[in-house]
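Values below: all heavy atoms of this structure, side chains included; hydrogens, waters and symmetry mates excluded.
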Amino acid sequence: MHNASIPGNKPWRARIAPLILPLSGLLIIAAIGVFAYVTQTGVENSRTWVLHTYDVRNDLQALDTELAQLRGNALAYAASGDKSQLQDFRSHAANVGVLTGKIHNATADNPRQQFRLGELESLFHKYLADLEHTAISAPQATINSEEAASIRALDVQESQLDAVSQSMAADERSLLENRLLTWNQFFKRNVIILAAIFTAALILLAYNFHLLKREVDRTHDMERLQRESAQSLRALSARVLELQDGERRKVARELHDSVGQYLVGLKISVEQLQNNRANFAAEDDRLLNEMVELTERSISEVRTISHLLHPPLLDEVGLESATRWYAEGFGKRCGLDVKLQLAEIHNRLPKQVELALFRVLQESLTNVHRHAGAKAIEIVLNCDHRRVTLTVHDDGRGIPREVVNRFRSGLASGVGLAGMRERLAELNGALEVESRPGSSTVRASIPIMESDVAQNKPLETTTAS
């Protein structure tokens, strides 16, 4: 036999099929996360290199400025002989040295810029020496041909310095453009990754919502099936109780109309024999007397059983009289002190309500007689425009705690209590059970319509023993 044919034993493919999409989504998100980390690292590195390039360009611009000011100070000193111009000249020369050193460190990763910077430094040292020599040796008033040639040579050196500086600036500009392009590419890739993660999250959210909705629908279906099952069970229970009551009524009628009549006829025949017993022997006369007594007992027992199965008073005069008759008879048979507090009901309650409450009374008194060991019982019947309530209280040993707990939790707690609860549930009624050492109380209540309500007189108290 294949595993697939065994109920509840699904093939491994069917078991893992619901996990494929979530696992795939998690793997995709994990891969996107790794790719996003790499991309974000690239963004940070590109940003660092772009800022670094901006710093190098600023240093190159500052170097051009220092060189220009250096030449200006030298020419001003040569023209005026002002010592402050010479100091400024040397200060700018020192700044040029600091800037070239800074640029040298900043471009250590760029061999081409290192080469150009070395060329620039060589030209600068020669230019600086020639410029300082020309500035110090130049007369203040006139410039001869040799000095003019030196100045022209300085112009050539300046042009060379400018060419090298511009070449370095152009290289840095090109490098900046490439790094900005790389930065933008990483940024766009990061945006795409975030969009992909957002889309994957939406897909997983939609899938989880689908699973949640399916689970909610399944739960609703199960609850609906449970409600339908409970309704069917309740309807079946009501039907069983209805059939039981019908059978009781039928058996009671048969006992009263058939067996009872036969027993009455038997008694009449025996009494006729008893009237003609002049020729009987003493032993026959004794047997005849016993037959009369047994016949009377049988008639009484059949009537009692018939009334217990379905008391005729319940159909004829209603719940109040049937309760009084049954409670007083129960007290006499069992030797118990029965106290009655019955509200007089003028208008008849619905037959289903009367029958349900009378069966609760019967079952409660039967349980007291069998299990409680009580000496006194109090029965209270109340009725107003909203509900009718029957309370049976005894002074016995009480109902076992486990039985009460099972009953309150909705579990089966015996045929009697379960049957009473089902009877009342069919009429939207409720059954309450209270128990403590030395007493127990069973309270049944059924809501009634205002049209069915009975007008009550003050409670009437009677005692039967």
Side-chain angles (χ1 to χ4, degrees), residues 241-242 244-246 248-249 252-253 256 303-334 336-369 374 376-395 416 419-434 440-465:
L241 293 176
E242 182 181 354
Q244 184 183 43
D245 291 332
R248 285 183 174 181
R249 186 179 290 105
R253 184 170 58 250
H256 183 271
R303 287 177 178 174
T304 300
I305 294 174
S306 174
H307 288 180
L308 289 179
L309 288 174
H310 189 77
L313 287 177
L314 187 63
D315 291 333
E316 295 173 2
V317 294
L319 179 63
E320 177 194 355
S321 298
T323 299
R324 188 186 306 279
W325 166 82
Y326 184 77
E328 291 176 351
F330 179 84
K332 291 178 180 179
R333 289 192 301 272
C334 301
L336 298 176
D337 182 17
V338 179
K339 296 181 179 180
L340 299 174
Q341 295 184 11
L342 307 179
E344 185 176 352
I345 304 174
H346 294 286
N347 298 328
R348 289 290 300 272
L349 296 172
K351 291 184 178 180
Q352 298 89 340
V353 174
E354 291 184 340
L355 181 59
L357 292 177
F358 187 79
R359 293 306 183 195
V360 169
L361 174 66
Q362 283 184 310
E363 187 65 35
S364 300
L365 294 182
T366 300
N367 289 338
V368 171
H369 175 65
I377 301 175
E378 183 179 8
I379 300 172
V380 180
L381 179 65
N382 287 324
C383 182
D384 56 27
H385 65 282
R386 288 178 297 181
R387 66 178 54 244
V388 58
T389 304
L390 174 68
T391 303
V392 179
H393 177 80
D394 68 82
D395 61 354
M420 287 190 284
R421 180 165 56 191
E422 289 301 321
R423 282 185 180 273
L424 297 175
E426 286 300 316
L427 301 172
N428 296 322
L431 182 68
E432 300 177 13
V433 177
E434 299 176 0
S440 62
T441 302
V442 175
R443 183 177 297 106
S445 62
I446 300 176
I448 54 177
M449 302 296 294
E450 189 170 356
S451 59
D452 299 327
V453 72
Q455 299 176 356
N456 300 332
K457 291 183 178 180
L459 294 179
E460 177 185 353
T461 303
T462 61
T463 301
S465 59

Next on the checklist: Does L365 form a side chain to side chain contact (heavy atoms under 4.5 Å, CB included) with I379? I'd like the steps, not just the answer.
Outcome noted: CA-CA 10 Å; L365 294 182; I379 300 172; 4.2 Å; yes
Item to check | Worked verdict on V442 versus L390 for side chain to side chain contact (heavy atoms under 4.5 Å, CB included) | outcome: CA-CA 8 Å; V442 175; L390 174 68; over 6 Å; no
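In this structure, OG1 on T323 lies 8.5 Å from CG on L340, to the nearest 0.5 angstrom. For the atom pair K339 NZ and H393 NE2, the distance stands at 10.0 Å (nearest 0.5 Å). How far CG of L357 is from CG of L319: 5.5 Å, rounded to the nearest 0.5 Å. To the nearest 0.5 Å, atoms CG (L342) and CZ (R324) are separated by 5.0 Å.
E354 meets the salt bridge (charged side-chain N to carboxylate O under 4.0 Å, His left out) test with R348; sequence neighbours excluded. Residues passing the side chain to side chain contact (heavy atoms under 4.5 Å, CB included) test with S445, sequence neighbours excluded: R387, T389, A430.
Results of the side-chain contact (heavy atoms from CB on, under 4.5 Å) test with V392 over V380, V360, T441, I377 single out I377 as the only residue that passes.
A salt bridge does not link K332 to E328: none of the charged side-chain nitrogens sits closer than 4.0 Å to a carboxylate oxygen.
When all heavy atoms of G429 and P447 are compared, the closest pair comes out as CA-CD, 4.0 Å. Nearest heavy-atom pair, A374 versus L336, reported as atom, atom and distance to 0.1 Å: O-CD2, 3.0 Å. Looking at every heavy atom in both residues, M420 comes nearest to L431 through CB-CD2, 3.8 Å.
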